[in-house]
Amino acid sequence: MNMDILKGKWNQVKGDLKKSFGKLTDDDMLVIEGDMTKASGILQERYGYTREEAEKRWTEFTGRFDDTVKSVKNAASDKLDDLKTKR
């Protein structure tokens, strides 16, 4: 997932993040704010993951949103094409 998009949608995503990683605290969420490096470090602390495992888990988590992002981009592109056609 594009990290700029993740940071922009952070408030929406963090609820899912807490469901996936129940040991994360609200303070952890403030620190992470969509940053993979910070998330990786906190996942290592909370779960005892290696750096590689934490990065893998973070990538798997954020990858779940890729289809949603693609759908939104496609819908926006289709709408733009419709507007161009109507002119």
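Residues Tyr49 and Leu43 share a closest heavy-atom pair of CD1-O, 3.8 Å. Counting all heavy atoms, side chain and backbone alike, Ala54 lies closest to Gln44 at CB-CG, 3.8 Å. Of all the heavy atoms in Tyr47 and Gly22, the pair that sits closest is OH-N, 3.1 Å.
One distance of note links CD of Glu33 with CG of Asp28; it measures 12.0 Å at 0.5 Å rounding. Note that CH2 of Trp58 and OG of Ser40 are 10.0 Å apart. Values are rounded to the nearest 0.5 Å.
Listed by chain and residue number, Lys56, Arg57 satisfy the side-chain contact (heavy atoms from CB on, under 4.5 Å) test with Glu60 (two or more places apart in sequence, or in another chain). Legend: residues meeting side-chain contact (heavy atoms from CB on, under 4.5 Å) with Asp27, ordered by chain and number and at least two apart, are Thr25, Leu30.
Proximity of Ile42 to Phe21: side-chain heavy atoms (C-beta onward) are nowhere separated by under 4.5 Å.
For Thr62 (side chain) and Thr59 (main-chain N/O), a donor-acceptor pair under 3.5 Å exists by modelled atom type.
Between Lys18 and Asp26, at least one side-chain nitrogen of the basic residue sits less than 4.0 Å from a carboxylate oxygen of the acidic one, meeting the salt-bridge criterion.
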